[in-house]
Number of protein chains: 2
Amino acid sequence: MSNYKINSALLCEAFKALSNPHRLALFNRLLNCCAPGTKCSPAVAVRYCVGELGEGLDIAPSTLSHHLKELNRAGLVEMERKGKNVECWVEPAKLAKLTTFFKPVQND
Amino acid sequence: MSNYKINSALLCEAFKALSNPHRLALFNRLLNCCAPGTKCSPAVAVRYCVGELGEGLDIAPSTLSHHLKELNRAGLVEMERKGKNVECWVEPAKLAKLTTFFKPVQND
DNA sequence: TTTATAGTTCGACATATTTCGAATTATAAA
DNA sequence: TTTATAATTCGAAATATGTCGAACTATAAA
């Protein structure tokens with residue numbers, strides 16, 4: 001099977017979501033739980049609440065909320081309310097789909 | 001080594017380039033030289049000229065040119081004039097960098 | 001019940017993007 | 001040299017995006 005026709009509309013939405021510096025930073029923060037050099041092998045997807053994700057980004061809460069909504073809409077980030085907070089995480093399965101796109105066609 | 005700090009500005013440019021349906025289609029055309037089911041194992045990157053890439057996309061030549069310029073600027077597509085035509089192709093090394101981003105952090 | 005904290009929605013405004021047609025450049029063919 | 005083909009540049013217009021503050025909702029704590 002080749003990657004000739006992955007649903008390009010969905011793919012395009014994913015790339016659009018990652019095309020903004022703030023959203024890319026947010027997504028990256030969810031992907032990379034650890035600072036360089038530290039040990040970290042999460043069995044389960046890492047979770048951050050909205051506020052934590054926005055730290056150091058210097059954007060208004062409403063803007064932060066908007067960007068996370070976009071990442072969620074694009075299917076890249078999951079969100080779930082936990083008490084006063086809303087937790088965010090990335091499902092590893094979603095990543096796999098994206099990497100598939102960049103792999104060259106495989107035929108034998 | 002982790003992917004903690006890939007140059008996010010460059011990465012962002014790449015995703016922005018792929019965030020437009022027409023540009024994604026153009027890039028995909030360069031990635032997937034073959035129709036599904038056919039045999040195809042290109043030793044060298046596949047090349048299309050600008051006009052060929054635009055076929056069936058129903059956009060003006062100026063728009064096509066603009067989009068390819070964007071893909072080139074983002075470092076995703078190489079371009080070189082060959083006579084009357086301008087040939088376009090994707091360097092496999094560029095793809096590798098993008099896939100790295102989506103891979104989870106590896107620490108041992 | 002009142003108050004505080006976390007996050008979202010809405011409307012407005014500035015900026016960026018997409019697209020086209022007209023004019024232009026580069027190359028090859030007649 | 002003149003003509004045709006391939007592609008690019010430029011300017012303009014329509015649309016989309018990023019951002020904020022104000023007002024609002026959801027939940028927990030006092």
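The structure presented is a predicted model; accordingly, all values stated were derived computationally and were not measured. Proteins come first, then strands; the chains are lettered A, B, ... in the order of their sequence lines, and each starts at number 1.
Aromatic rings of B:F15 and A:F27 (six-membered ring for Trp) have centroids beyond the 6.0 Å cut-off, not under it.
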Legend entry - Contact state string [nucleotides 21-27 of chain D, B base, S sugar-phosphate only, - no protein heavy atom under 4.0 Å]: BB---SB
Legend entry - Per-nucleotide protein contact string for nucleotides 11-16 of chain D, where B marks a base within reach and S marks sugar-phosphate only (heavy atoms under 4.0 Å, - for neither): ------
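Protein atom CZ of A:R73 is 12 Å distant from nucleotide atom P of C:dT8, rounded to whole Å. Rounded to an integer number of Å, the gap from A:E70 CD to D:dT17 P is 8 Å. Counting to the nearest Å, the P atom of D:dA6 and the CD atom of B:E55 are 10 Å from each other. Straight-line distance from the CG atom of A:L26 to the P atom of C:dG7: 12 Å, rounded to whole Å. Here C:dG7 presents its P atom at 15 Å from CG of A:N72, a figure rounded to the nearest Å. A:E80 has its CD atom 14 Å from the P atom of C:dT8, to the nearest Å. One interatomic measurement links the two molecules: OH of A:Y48 to P of C:dA6, which rounds to 17 Å at whole-angstrom precision. A straight line from CG of B:L57 to C1' of C:dT18 spans 14 Å, rounded to a whole angstrom.
Residues B:L57 and B:H22 meet the side-chain proximity criterion, which asks for heavy atoms closer than 4.5 Å. Side-chain contact between A:M79 and A:L68: present, with at least one pair of heavy atoms (C-beta onward) separated by less than 4.5 Å.
Looking only at atom types and distance, the side chain of B:E91 has a donor-acceptor partner in the side chain of B:W89 under 3.5 Å away.
None of B:L30, B:L71, B:L95, B:L31 except one satisfies the side chain to side chain contact (heavy atoms under 4.5 Å, CB included) rule with B:L76; the exception is B:L71.
Residue B:G51 is the one, among A:H22 and B:G51, whose nearest nucleotide of DNA chain D lies closer to the 5' end (criterion: closest heavy atom).
Note on B:H67: every side-chain N or O is 4.0 Å or more away from OP1 and OP2 of C:dT17. Contact between the side-chain N/O atoms of A:H66 and the OP1/OP2 oxygens of C:dG7 is not found at any separation under 4.0 Å. When the side-chain nitrogen and oxygen atoms of A:N20 are compared with OP1 and OP2 of D:dT17, none of them lie within a distance under 4.0 Å. For C:dG7, neither phosphate oxygen OP1 nor OP2 lies less than 4.0 angstrom from any side-chain nitrogen or oxygen of A:K69.
Among the atoms of the strands shown, only primed sugar atoms or phosphate atoms (P, OP1, OP2) are found under 4.0 Å from some heavy atom of A:I59.
Rounded to 10°, the helix from C:dT1-D:dA30 to C:dA30-D:dT1 has 20° between the axis fitted to its first five pairs and the one fitted to its last five.
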